[in-house]
Amino acid sequence: MADLGSYLAKHAELAVAGIIMALAGAASAIAAEIRMPATSLDEAAGAVNADGDTQKKLDVIADDIVLEALAGTGVASYLSEERDAAVPVDPEGAMIVACDPLDGSSNIGVNVSVGTIFSLLPASGGELQSGRNQLAAGFFVYGPQTTLLLTVGNGTASFLMDDDGGFNLLEERVTIP
């Protein structure tokens, strides 16, 4: 069974692959936070995010985890639903990561799946650009299993997180019948 790193080595540019691997590490850490037997993760964090939703404690934790994971990956800036403005990461960076670090956080208290949505864009296009410029996009789903649906421009692949936090290829060409 191929792992995420092997898949990316075959299908993605090195810089894109490095950022996706960093995001996979962040997803592993977020999945671990979700599995913690703490009831406070769905408590309000006291702020409202850029979309006007009340932030949950886990929204803030996930946002911090993703931002920390992107350090040193060549990301110029980080756009997050949890922040009002872009966060500069590396002035020499060539890419932008747009992200909802924890989509569906209102579902935390009722044990429904939540996820992390991300898009990689060239920094040369600026913060607001067409989705056609995407270099990669994906969605980590946290539930009984943690999965990743990913495109790097050539179809969609699905991966399953193992007990060690690595992602193994389930299907290279996901289709909807």
Inset, instruction - Would you please test I34 and L58 for side-chain contact (heavy atoms from CB on, under 4.5 Å) and show each step? - result: CA-CA 8 Å; I34 291 169; L58 190 54; 3.4 Å; yes
Inset, instruction - Please check if the distance between the ring centroids of F167 and Y7 is under 6.0 Å. - result: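 Judged by ring-centre distance (under 6.0 Å), F167 and Y7 do not meet the cut-off.
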Nearest non-hydrogen partners of [X] and [Y], listed with the distance:
| X | Y | value |
| --- | --- | --- |
| I65 | A29 | CG2-CB, 3.9 Å |
| A26 | A69 | CB-CB, 3.8 Å |
| G104 | V114 | O-CG1, 3.1 Å |
| M161 | S28 | SD-CA, 3.8 Å |
| S77 | A86 | CB-CB, 4.4 Å |
| G126 | I96 | O-CD1, 3.2 Å |

Inset, instruction - Could you check Q129 against Q134 for side-chain contact (heavy atoms from CB on, under 4.5 Å), going step by step and ending with a plain yes or no? - result: CA-CA 9 Å; Q129 54 184 295; Q134 285 186 118; over 6 Å; no
If you measure from [atom1] on [X] to [atom2] on [Y], what distance do you get to the nearest 0.5 Å?
| X | Y | atom1 | atom2 | value |
| --- | --- | --- | --- | --- |
| E172 | N154 | CD | CG | 8.5 Å |
| D164 | D3 | CG | CG | 12.0 Å |
| S113 | D103 | OG | CG | 11.0 Å |
| L135 | S119 | CG | OG | 8.0 Å |
| C99 | F140 | SG | CZ | 9.0 Å |

Inset, instruction - Examine distances only and state if a side-chain atom of R35 and a backbone atom of I30 form a donor-acceptor pair shorter than 3.5 Å. - result: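 No, because the side chain of R35 does not come within donor-acceptor range (under 3.5 Å) of the backbone of I30.
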Legend entry - Whether T175 side chain and P177 backbone form a donor-acceptor pair below 3.5 Å: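 Between the backbone of P177 and the side chain of T175 there is no qualifying donor-acceptor contact (under 3.5 Å).
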Any side-chain heavy-atom pair from [X] and [Y] closer than 4.5 angstrom?
| X | Y | result |
| --- | --- | --- |
| D100 | T116 | no |
| V75 | I19 | yes |
| E82 | P101 | yes |
| L150 | I20 | yes |
| L23 | L70 | yes |
| D63 | L102 | no |
| K57 | E33 | no |
| T146 | L160 | no |

Inset, instruction - For Y142 and T147, test the side chains for any donor-to-acceptor distance below 3.5 angstrom and give the result as yes or no. - result: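 Short answer, no.
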Legend entry - No-hydrogen, no-angle side-chain donor-acceptor test under 3.5 Å, S130 and N133: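 N133 and S130 do not have a side-chain donor-acceptor pair below 3.5 Å.
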Does one hydrophobic cluster hold both [X] and [Y], with members joined at side-chain heavy-atom distances below 4.5 Å?
| X | Y | value |
| --- | --- | --- |
| F159 | V66 | yes |
| L4 | L120 | yes |
| V97 | L79 | no |
| L67 | I61 | yes |
| V174 | V141 | no |

Inset, instruction - In sequence, state the C-alpha distance, the side-chain angles, and the governing distance for R83 and D59, and then conclude on salt bridge (Lys or Arg N to Asp or Glu O under 4.0 Å). - result: CA-CA 11 Å; R83 298 172 186 262; D59 286 314; over 6 Å; no
Inset, instruction - Starting from the C-alpha separation in whole Å, work towards a yes-or-no answer on side chain to side chain donor-acceptor pair (under 3.5 Å) for N168 and D162. - result: CA-CA 7 Å; N168 297 303; D162 62 26; 3.2 Å; yes
Inset, instruction - Verify the neighbour count for atom CD of E171: are there more than 12 heavy atoms of other residues, nucleotides or ligands below 6.0 Å? - result: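 Count over threshold, so yes.
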Inset, instruction - Could you give me the CA-CA distance, side-chain angles and deciding distance for L8 and H11, then say whether side-chain contact (heavy atoms from CB on, under 4.5 Å) is met? - result: CA-CA 5 Å; L8 291 170; H11 296 285; 5.9 Å; no
Inset, instruction - Could you walk me through whether M95 and V16 pass the side-chain contact (heavy atoms from CB on, under 4.5 Å) test, one step at a time? - result: CA-CA 8 Å; M95 284 177 251; V16 170; 3.9 Å; yes
Inset, instruction - Walk me through it: do F118 and F139 pass the test ring pair (Phe, Tyr, Trp, His ring centres under 6.0 Å)? - result: CA-CA 6 Å; F118 66 89; F139 182 48; 9.2 Å; no
